[in-house]
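First up is the structure itself, then whatever we jot down about it.
Just so we're clear, the structure is a prediction, and the values are computed from it rather than from any experiment. Sequence lines set the chain letters: A, B, ... in the order given, protein chains first and strands last, and positions in each chain run from 1.
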Protein chains: 2
Amino acid sequence: MFQLSKKVEYGLIAIRHMAAGGPGQIHTAKEIADRYHIPYELLAKVMQKLAKNYILARNPAELKVAAIINAIEGKPNVTIIQCEAESPENCIIHDTCTIKNPLVKLQLNINRVFEDLSIGEMV
Amino acid sequence: MFQLSKKVEYGLIAIRHMAAGGPGQIHTAKEIADRYHIPYELLAKVMQKLAKNYILARNPAELKVAAIINAIEGKPNVTIIQCEAESPENCIIHDTCTIKNPLVKLQLNINRVFEDLSIGEMV
DNA sequence: CCGAATCTGGACTATTATGGTCGGGTTTAA
DNA sequence: TTAAACCCGACCATAATAGTCCAGATTCGG
């Protein structure tokens with residue numbers, strides 16, 4: 001619980017690698033997979049998602065970890081509370097839930113943390 | 001990913017409920033389970049863990065969400081990076097991993113968020 | 001003091017998410 | 001032009017999660 005998924009880890013490794021190489025460099029998914037001993041097929045999928053979301057095109061200095069997570073996980077955001085993540089109708093305690101509102105604030109603080117770290121700072 | 005587990009949600013609901021009732025009140029797990037439509041057996045287990053870690057005995061104003069998560073999940077802390085959570089030897093990329101160090105800082109910020117919210121603020 | 005309600009805690013099952021694999025067709029670059 | 005790399009959907013194995021069942025111990029109200 002509360003771990004980055006392998007996909008996100010791999011994505012971060014790949015992006016950081018590309019950022020460290022400089023803007024002129026060309027990198028293949030194969031090369032990165034070999035270098036860091038990451039299963040190629042998995043990394044390839046991750047990078048496809050990143051490419052589709054134009055993550056790879058961005059300036060590392062302005063590329064935040066949050067954007068990468070969202071691109072890979074597909075969700076609009078990291079959502080701590082399950083009631084919020086799914087459709088609230090499905091939540092059996094949705095009207096008796098007393099912890100939702102306080103946790104939304106906490107949520108925002110978490111988001112801020114991920115918005116705060118850029119790839120540029122990781123090279 | 002990055003959701004509180006049901007166990008933690010249930011634990012928070014229960015603790016908040018008890019805190020809201022005031023210090024004199026007696027609450028049973030059964031009562032809380034019924035009230036919030038939580039499976040009793042599951043809540044019971046969660047509260048057992050909380051009781052063993054003396055969470056229930058603490059002053060809500062000083063009881064942080066972080067302490068509750070740790071008590072329920074058993075882990076010393078929320079650990080973002082998988083390499084760090086398990087034994088580092090098992091990590092196949094443990095010496096080529098370039099993202100570990102930057103993420104540790106992020107980790108600390110996350111921890112801070114959970115250390116920042118007390119039950120007292122949730123009633 | 002007795003019985004009902006509640007708690008304890010292990011074992012077990014179901015469901016889901018994750019991590020990883022396979023393979024066939026397509027593109028790209030030397 | 002052909003080998004390497006990519007795309008992408010389908011698939012599988014494992015592990016974590018959520019929940020259930022139950023039998024024995026405990027507690028509490030009367």
Checking contacts here: which listed nucleotide (dC8(D), dT8(C), dA18(D)) is nearest the side-chain heavy atoms of Lys7(B)? dA18(D)
Report the distance from atom NZ of Lys6(B) to atom P of dA17(C), rounded to the nearest whole Å. 12 Å
Please give, in whole Å, the distance from dC6(D) P to Lys49(A) NZ? 18 Å
ILVMFWY network linking Tyr40(A) to Leu56(A), side-chain heavy atoms under 4.5 angstrom: no
At under 4.0 Å between heavy atoms, what does Lys52(A) touch on the DNA or RNA strands: base, sugar-phosphate, or nothing? sugar-phosphate
Side-chain N or O of Gln48(A) closer than 4.0 Å to phosphate OP1/OP2 of dC6(D): no
Could you tell me how far apart Ile69(A) (CD1) and dT18(C) (C1') are, to the nearest whole angstrom? 16 Å
Listed in order of residue number, which residues of residues 14-33 of chain A have a non-hydrogen atom at under 4.0 Å from DNA chain D? Thr28(A), Ala29(A), Lys30(A)
Can you measure Leu42(A) atom CG to dA10(D) atom P for me and round it to whole angstrom units? 18 Å
Grouping I, L, V, M, F, W and Y whenever their side-chain heavy atoms are under 4.5 Å apart, do Ile69(A) and Val104(B) come out in a common cluster? yes
Candidate pair Phe114(B) and Ile110(A), rule side-chain contact (heavy atoms from CB on, under 4.5 Å), full reasoning: CA-CA 9 Å; Phe114(B) 287 105; Ile110(A) 300 270; 3.7 Å; yes
Base of dG10(C), side chain of Lys45(B) - is there a donor-acceptor contact under 3.5 Å? yes
Could you run down the sub-3.5 Å N/O contacts of the protein with nucleotides 23-30 of chain D?
none

Can you find a heavy atom in the side chain of Ser5(B) that is under 4.5 Å from one in the side chain of Glu73(B)? yes
Between atom CD in Gln3(A) and atom P in dA16(D), what is the gap in whole Å? 10 Å
Gap between atom CD of Gln3(B) and atom CD of Gln107(A) - 0.5 Å precision: 9.5 Å
Consider only side-chain heavy atoms of I, L, V, M, F, W and Y, link residues closer than 4.5 Å, and tell whether Tyr10(B) and Val123(B) are in one cluster. no
So, is Tyr40(B) near the phosphate of dG19(D), with a side-chain N or O under 4.0 Å from OP1 or OP2? no
Separation of dC8(D) atom C1' from Met47(A) atom CE, nearest Å, is 16 Å
Nearest heavy-atom neighbours spanning Leu50(A) and Ala71(A): CD2-CB, 4.1 Å
Selection from dC8(D), dG19(D), dA18(D) that lies nearest to any side-chain heavy atom of Tyr10(B): dG19(D)
Check whether Asn53(A) reaches the backbone of Ile55(A) with its side chain - one donor and one acceptor, N or O, closer than 3.5 Å. no
In Å, rounded to the nearest 0.5 Å, how long is the span from CD of Gln48(A) to CD1 of Ile72(A)? 12.0 Å
Could you give the angle between the helix axes at the two ends of the helix from dC1(C)-dG30(D) to dA30(C)-dT1(D), with five pairs per end, rounded to 10 degrees? 30°
Once side chain to side chain contact (heavy atoms under 4.5 Å, CB included) is applied, do any residues pair with Lys64(A), and if so which ones, sequence neighbours excluded? Glu115(A), Ser118(A)
Separation between CG of Leu103(A) and CG of Leu4(B), rounded to the nearest 0.5 Å: 6.0 Å
Expressed as a whole number of angstroms, how long is the span from Leu50(B):CG to dT8(C):P? 12 Å
Can you tell me how far C1' of dA16(D) sits from CD1 of Ile72(B), to the nearest Å? 16 Å
Quick one, Lys49(A) and Val46(A) - any side-chain contact, counting heavy atoms below 4.5 Å? no
Determine, step by step, whether Ile68(A) and Ile119(A) satisfy the side-chain contact (heavy atoms from CB on, under 4.5 Å) criterion, reporting the C-alpha distance in whole Å, the side-chain angles of both residues, the deciding distance to 0.1 Å, and the verdict. CA-CA 10 Å; Ile68(A) 295 164; Ile119(A) 296 299; 3.4 Å; yes
A correct 5'-to-3' footprint of nucleotides 25-30 of chain C, with B, S and - meaning base, sugar-phosphate only and no protein heavy atom under 4.0 Å, is ------
Could you pull out every donor-acceptor pair under 3.5 Å between side chains of residues 11-31 of chain B and any protein atom, sequence neighbours left out?
| residue | atom | partner | partner atom | Å |
| --- | --- | --- | --- | --- |
| Arg16(B) | NE | Thr98(A) | OG1 | 3.0 |
| His17(B) | ND1 | Tyr36(B) | OH | 2.8 |
| His17(B) | NE2 | Glu31(B) | OE2 | 3.2 |
| His27(B) | ND1 | Glu31(B) | OE1 | 3.4 |
| His27(B) | ND1 | Glu31(B) | OE2 | 3.4 |
| Thr28(B) | OG1 | Glu31(B) | N | 2.9 |
| Lys30(B) | NZ | Asp34(B) | OD2 | 3.2 |
| Glu31(B) | OE1 | Thr28(B) | N | 3.4 |

